[in-house]
Amino acid sequence: MSEQHIYLIAQLFGFFSFAIGLFAFYQKQDTKLKLWMAGLCLVNTLHFLLLNSFSSAFCAMVSMIRNLITIKVRSRRVMMVFMLFSITGFFSIQRSSEALGVMGMCVGTYSLFMLDGIKLRLGLLTGSLLWLGNNIALGSIGGSLLEACSASMNAVTLYRLYSDKKALVVDTDLVK
């Protein structure tokens, strides 16, 4: 198969990730968000392998496992294991821009294990922006669209969560 065909297949996986990501970041429930993000990471692993970005593929695969584990486990010790895996991603970097993806994975790991609600979404927004830089540098069209839209949708969901929280405070003030 020619390099051009492999590149086109990689971009198709990127666009599939894009679609999954749009749905994932619209979720208000943390568990649903994490499940959809795990599926997104699986597709991204294939996408990055086809783009010959092994550190990004490694980070995506570890992120998939991490996302599934954080549904049931909230432990600093388990988080530290995933942080160590994240740090090993630095050893497979082929381009300096791939460090952004590894840093995005570290931010995501901390966020998924230690945060929830609005703080979780803020951490994921930061991770998305780091991954956006990585994807732009790799030439990942779908991945760049994914992270740009994920960041935007995450910001919208942050607003929705903040509005819900603010409305709850106003409602309880009216009851008093």
Side-chain angles (χ1 to χ4, degrees), residues 10-11 13-27 30 33-70 76 78-159 161:
Q11 295 302 344
F13 275 105
F15 283 111
F16 187 47
S17 291
F18 172 60
I20 294 170
L22 291 178
F23 192 73
F25 282 103
Y26 192 72
Q27 303 303 311
D30 292 351
L33 170 70
K34 292 173 184 182
L35 283 170
W36 281 101
M37 284 179 57
L40 164 71
C41 290
L42 176 62
V43 175
N44 272 345
T45 299
L46 299 170
H47 171 69
F48 289 129
L49 284 173
L50 291 168
L51 289 176
N52 290 319
S53 179
F54 301 110
S55 68
S56 297
F58 173 78
C59 288
M61 180 56 70
V62 172
S63 293
M64 181 191 75
I65 296 165
R66 174 204 65 201
N67 291 345
L68 292 171
I69 288 175
T70 61
R76 285 194 184 272
V78 176
M79 179 194 73
M80 293 309 293
V81 169
F82 279 96
M83 283 297 214
L84 289 173
F85 275 114
S86 301
I87 292 166
T88 62
F90 280 110
F91 296 111
S92 63
I93 289 175
Q94 297 162 302
R95 303 167 195 96
S96 58
S97 61
E98 291 176 346
L100 295 171
V102 176
M103 288 186 285
M105 183 180 164
C106 290
V107 170
T109 297
Y110 177 80
S111 300
L112 287 165
F113 274 103
M114 296 293 123
L115 306 175
D116 55 20
I118 291 173
K119 290 179 183 177
L120 168 63
R121 298 313 189 288
L122 285 170
L124 294 176
L125 175 60
T126 303
S128 285
L129 295 173
L130 289 164
W131 274 103
L132 176 61
N134 176 71
N135 291 342
I136 289 171
L138 285 175
S140 169
I141 299 166
S144 297
L145 288 171
L146 163 70
E147 296 303 343
C149 288
S150 292
S152 299
M153 290 189 74
N154 207 349
V156 168
T157 303
L158 274 163
Y159 175 78
L161 289 169

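Predicted model only: the values in this text are computed from it and were never measured.
In terms of the salt bridge (Lys or Arg N to Asp or Glu O under 4.0 Å) criterion, R66 has no residue partners (sequence neighbours excluded). Looking at residues two or more places apart in sequence or on another chain, you find a ring-ring contact (aromatic ring centres under 6.0 Å, His included) between F113 and F82. The side-chain contact (heavy atoms from CB on, under 4.5 Å) check on I136 picks up L132, S144, with sequence neighbours excluded. Qualifying ring-ring contact (aromatic ring centres under 6.0 Å, His included) partners for F23, counting only residues two or more places apart in sequence or in other chains: W36. Residues passing the side-chain hydrogen bond (donor to acceptor under 3.5 Å, both in side chains) test with S53 are S56, E98, sequence neighbours excluded.
Nearest heavy-atom pair, S86 versus M105, reported as atom, atom and distance to 0.1 Å: OG-CE, 3.3 Å. Residues A57 and F48 approach most closely at N-CB, 3.6 Å, considering heavy atoms. Shortest non-hydrogen contact noted between V43 and S17 is CG1-OG, 3.1 Å. Contact detail for S140 and L51: the closest heavy-atom pair is CB-CD1, 3.9 Å. Of all non-hydrogen atoms in C41 and N67, the two that sit nearest each other are SG-ND2, 3.6 Å. The minimum heavy-atom distance linking D30 with G117 is given by the pair OD2-N, 3.6 Å.
Note: L40 CG to K34 NZ = 15.0 Å, rounded to the nearest 0.5 Å. Distance check, rounded to the nearest 0.5 Å: CZ of F18 to CG of L145 gives 5.0 Å. Taken to the nearest 0.5 Å, the CG atom of L138 stands 7.5 Å off from the OG atom of S55. A distance of 10.5 Å separates CE in M80 from OG1 in T109, rounded to the nearest 0.5 Å. The structure places OG1 of T126 at 12.0 Å from CE of M103, a figure rounded to the nearest 0.5 Å.
Across L22, N44, I141, a single residue satisfies side-chain contact (heavy atoms from CB on, under 4.5 Å) together with L146, and that is N44.
C59 has its side chain within reach of W131: a pair of non-hydrogen atoms, C-beta onward, lies under 4.5 Å apart. Contact check for L112 versus L124: side-chain heavy atoms found under the 4.5 Å cut-off. In this structure the side chain of M114 reaches within 4.5 angstrom of the side chain of R76, judged on heavy atoms. Under the 4.5 Å side-chain criterion, counting only non-hydrogen atoms from C-beta, N134 is not in contact with L130. Contact of the N52 side chain with the F54 side chain is registered, since non-hydrogen atoms from C-beta on lie closer than 4.5 Å.
Side chain of N154 to main chain of R121: a donor-acceptor pair is present (N/O by atom type, distance under 3.5 Å, no hydrogens or angles). A donor-acceptor contact shorter than 3.5 Å is absent between the side chain of S92 and the backbone of T88. A distance-only check finds a donor-acceptor pair linking the side chain of H47 to the backbone of G14 [under 3.5 Å]. Side chain of T45 to main chain of M61: a donor-acceptor pair is present (N/O by atom type, distance under 3.5 Å, no hydrogens or angles).
Heavy-atom neighbours of F90 CZ from other residues, nucleotides or ligands within 6.0 Å: above the threshold of 12. Open room surrounds CZ on F16; 12 or fewer heavy atoms of other groups in view lie less than 6.0 Å from it.
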>> Determine whether F58 and V102 satisfy the following criterion, side chain to side chain contact (heavy atoms under 4.5 Å, CB included), listing intermediate values before the conclusion.
In response: CA-CA 9 Å; F58 173 78; V102 176; over 6 Å; no

> Given the rule in the side chain to side chain contact (heavy atoms under 4.5 Å, CB included) test, do L33 and T157 qualify, once you have shown the distances and angles that lead to the verdict?
Replying inline: CA-CA 11 Å; L33 170 70; T157 303; over 6 Å; no

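Counting only residues at least two apart or in different chains, salt bridge (charged side-chain N to carboxylate O under 4.0 Å, His left out) contacts with residues 134-147 are absent.
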